[in-house]
Amino acid sequence: MNNRHLSILIAAALALPALLTTSGCKPKSIGAAVEGDAAQKVYVAPGKYDEFYNIVSGGFNGQVSVYGIPSGRLLRIIPVFSQFSENGWGYSEETKPMLNTSHGFVPWDDSHHIALSTTNGEHDGRWAFVNGNNTPRIARIDLKTFRTVEIIEIPNSSGNHSSPFLTENTEYAVAGTRFSYPMDDDNSNPDVAINTYKQNFKGTVSFVGINPETGRMGISFQVLLPGVNFDLSRGGRGPSHDWFFFSCYNTEQANTLLEVNASQKDKDFIMALNWKKCEEYVKAGKGKKSKVRYAHNVFDEKTHTGTSTIEAETIVLDPKELKDIVYFMPCPKSPHGCDVDPSGEFICGSGKLAAVIPVFSFSKIQKAIADQNFDGDYDGIPVLKYDAVLHGEVKKPGLGPLHTEFDGKGFAYTSFFVSSEIVKWNIQTLEVVDRVPTYYSIGHLSIPGGPTRKPHGKYVIAYNKITKDRYLPTGPELTQSAQLYDISGDKMKLLLDFPTTGEPHYAEAIPAGLIQPNSVRFFKIEENQHPYAAKGEKEAKAFREGNKVHVNMTSIRSHFNPDNIEGVKMGDEVYFHVTNLEQDWDVPHGFAVKGANNAEILIMPGETCTLKWVPDRVGVFPIYCTDFCSALHQEMQGYVRVSPRGSNVPLTFSTGNKAEPTGAVK
Ligand code: K7E
Ligand code: CUA
């Protein structure tokens, strides 16, 4: 494509609203796009359950949200990289360490991709992984509790976008640098001119090993690569099990005005990486140690407490010295999505600026490598000949292809941002068989089980970047949205629009039956190992350690114990360690104190959470439960008295008028 065409394409993308109103992408009557029985197909009667969980990244809100499919009902928001005042995530003392990084406390990130754990390439319903793009991190969510239980920072990386995609048995989650940069994690702080990009900037991809029993992560190895932008990735499956595929753009190695300067070449690359071979090199001691600093944060479900450890080393493999690890395959043009079909034989690259969708053949890739059918090298990495590895091209599929999912019946579904549509095509024959408009400008799309060996089919869900006129206006800031299409027949049929929280990027959907039976209802109080837990009202107490006042408090319908506390002084830090004694499903208690400058905490049955409060004035301060828990919820309250510094009011605590002296335990 020449530059004139390119600028037309870019202009079209930027002038999207105009394009949509003038090009006929939007039907005159939107109602006409929905058929009569659509409502019936998405109607989940009161008291009935949805068929699928849809686990959706929240983009710039740093969270993950969970919807029911086909209803589109929002079931849960899971805070991951963000503080969440609704339940105290990132505000409670137990969860603050989860947001620690080598840059200190970072309570925000940009989460783009969900990866659900698989065994033999099929969903197993155990964990959801999600990436943090800004301060490179991968988080693991336990699908028994829908809580973030681990976050690992990725060193030698800058922008963790092609992440956290998995290998077939969840052996590894991957993390590729989106922004190449002069590596500085060894604290060398390379102060180089930005225009020395070509000499000084590097990329890496990291393989984060996952313990098959516990899910615990650890960085197994990193691969040092040329300074290009790694965008998306997918693990192989079946015959391509040992391989991982990454799309790369900016092979021009531009450091400014990338919209033009990184769009010069007709082809960038898909990188094929043999992770099994990397494992062998690591085992043989071939990697180099890299001195780095990164945080590894783990939440212990027994102590209900997160701990953050700073790690100091990774193993880096250099493919210029260690042969047969990576190969580049030319891919038109600035590829974004890089998706592997359920058989593991076909890999599609979606060049944002390309007029075709190239589909690569894994068996041809293997043959080209064996025959050394190279087109020279790129910065020391062999480049395979395009024609030698190509299965074929989907011709004229649409404008601005981004991502592809699969239905398991031989068809692929590609999202087109610029032409705002989903296009269905046959993987073998590469023929386009159907297309439907999206409202508007689809990014990712998801078929339940689409990235596994056995897609569950039935629906495709579009995650759109622009909603414009689709909902009642809410000022300049509008919701993002998803759209549900029926794909059970030959033709895709629009069924439903539903708003999403944050910007949805990737999402996965999984049959409810793989998660629902294992869902935890409450934490067992006898298993609570929190150091400040009061596992019964008799263990409730308040005690002083210097200027720290600890209150080991219980909550049960409908009172706190203690609910009267005196003897706190100005200059004290008060730690309310609230244990919820309930042993029943869906009876959380909340806790708040007037003037606390963080958040409430929401404590699940059997759990202990801690709110730190530093009183800023003398007086009497109410505490209360924030979650309507019983008919007498409104009575679930108490007081804390704060006296001047140096006052001789003794520390006492009580419930029901029986004051206890300092430190007393009944
Ligand atoms: Cu939204 Cu996967 Cu970050 Cu495409 S990426 S849209
Ligand atoms: Cu406890 Cu309301």
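If you read the sequence from its start, that first residue is 1, and numbering goes on from there. Counting convention: from 1, in listed order, for ligands and their atoms alike.
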Is the ring pair W127/F129 parallel, tilted or perpendicular, if the boundaries are 30 and 60 degrees? perpendicular

Quick check with a 6.0 Å cut-off and a 45 degree axis cone: is R470 positioned over the face of Y439's six-membered ring? yes

Under a 4.0 Å heavy-atom limit, does L232 contact ligand 1 with its side chain, its backbone, both, or neither? side chain

Just to confirm my numbers, could you give the angle made at atom 4 (Cu) of ligand 1 by NE2 of H336 and NE2 of H403, rounded to 10°? 90°

For this output row, return yes or no: ring centroids of H112 and H444 closer than 6.0 angstrom. no

Side chains of S157 and T177 only: does a donor on one sit below 3.5 Å from an acceptor on the other? no

May I ask you to list the atoms of ligand 1 that are less than 4.0 angstrom from any heavy atom of G443? 6 (S)

Kindly confirm whether atom 1 (Cu) of ligand 2 is within less than 2.8 Å of some N/O/S atom in S555? no

Look at atom 1 (Cu) of ligand 1 and say which protein heavy atom is nearest, naming residue and atom and giving the distance to 0.1 Å. H505 ND1, 2.0 Å

Would you say the rings of F146 and Y53 are close, in the sense that their centroids are separated by under 6.0 Å? yes

Return yes when at least one N/O/S atom of C629 is nearer than 2.8 Å to atom 1 (Cu) of ligand 2, and no when none is. yes

Tell me, do E421 and I442 make a side-chain contact under 4.5 Å, heavy atoms counted? no

E503 near ligand 1, heavy-atom distance under 4.0 Å? no

Sub-6.0 Å ring centroid separation between Y575 and Y532: no

With rounding to 10 degrees, what does the angle H113:NE2 / atom 2 (Cu) of ligand 1 / H444:NE2 come to? 100°

Just give me the atom name: the N, O or S atom of H589 closest to atom 1 (Cu) of ligand 2. ND1

Note: ligand 1 atoms sitting under 4.0 Å from heavy atoms of K465 are 1 (Cu), 6 (S)

